[in-house]
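Each ligand, and each atom within it, is numbered from 1 in the order the structure gives. Numbers here are sequence positions counted from 1.
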Amino acid sequence: MNDCIFCKIIKGEIPSKKVYEDDSVCAFHDINPNAPVHVLVVPKTHIPSMNAVDESNIDAVSKVLLAIPKVASTLGLSNGYRVINNCGEDGGQTVPHIHFHILGGRKLSVKLN
Ligand code: AMP
Ligand code: ZN
């Protein structure tokens, strides 16, 4: 957990462009954006992936979901946006700290793979 890149971003140990923060949630610009707006929303507690969500951490995850529309509003995504969670190797997850991508700023392709 100590070498988790998103935990380090949350603690301010490595730089990021934060767009939202509260007691439970942090959101920052993706370093390699796939859309005009590409932000990652994460819980401040380390949860490795969607597969690790359970009754013990669902409050932290729900706070992330509650933050997403606020973050989207802050980013000016009034015409809509996409939320993506990648889970595990086949899902394309590369950072093992659960995160939700917010993508927007243009009409997105419907392609899902
Ligand atoms: P995923 O592939 O779903 O695990 O998404 C991980 C995302 O984290 C990718 O879109 C990366 O571009 C992004 N990422 C990796 N390192 C950083 C970083 N230091 N700051 C911001 N975003 C990052
Ligand atoms: Zn972490």
[Y] backbone acceptor or donor facing [X] side chain under 3.5 Å:
X: H97; Y: V95; value: no
X: T74; Y: K70; value: yes
X: K44; Y: D22; value: yes
X: Q93; Y: P48; value: yes

Please could you name the atoms of ligand 1 that [X] approaches to less than 4.0 Å, counting only its heavy atoms?
X: N32; value: 12 (O)
X: Q93; value: 4 (O)
X: I9; value: 18 (C), 19 (N), 20 (N)
X: H29; value: 21 (C)
X: G92; value: 1 (P), 2 (O)

Nearest to [atom], what protein heavy atom do you find, and at what distance?
atom: atom 17 (C) of ligand 1; value: I31 CG2, 3.7 Å
atom: atom 16 (N) of ligand 1; value: I5 CD1, 3.8 Å
atom: atom 4 (O) of ligand 1; value: T94 N, 2.7 Å
atom: atom 5 (O) of ligand 1; value: H99 NE2, 3.0 Å

Please check if the number of heavy atoms outside [X] that lie under 6.0 Å from its [atom1] is greater than 12.
X: K17; atom1: NZ; answer: no
X: E89; atom1: CD; answer: no
X: D54; atom1: CG; answer: yes

Quiz item: Could you give the distance from NZ (K63) to CG (L65), rounded to the nearest 0.5 Å?
Solution: 12.0 Å

So which bit of [X] gets within less than 4.0 Å of ligand 1, heavy atoms only: side chain, backbone, both or neither?
X: F6; result: side chain
X: L40; result: side chain
X: H101; result: side chain

Practice problem: May I ask you to test the I68-Y81 pair for a side-chain heavy-atom distance under 4.5 Å? | Solution: yes

Quiz item: What angle sits at the Zn ion (ligand 2) between SG of C4 and ND1 of H46, to 10°?
Solution: 110°

Practice problem: Please calculate the SG(C7)-the Zn ion (ligand 2)-ND1(H97) angle and round it to 10 degrees. | Solution: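 Vertex the Zn ion (ligand 2), arms to SG of C7 and ND1 of H97: 110°.
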
Quiz prompt | Option whose closest heavy atom lies nearest to atom 11 (C) of ligand 1, chosen from V42, D30, N34 | solution = D30

Practice problem: Look at the aromatic rings of H38 and H101 and report parallel, tilted or perpendicular, splitting at 30° and 60°. | Solution: tilted

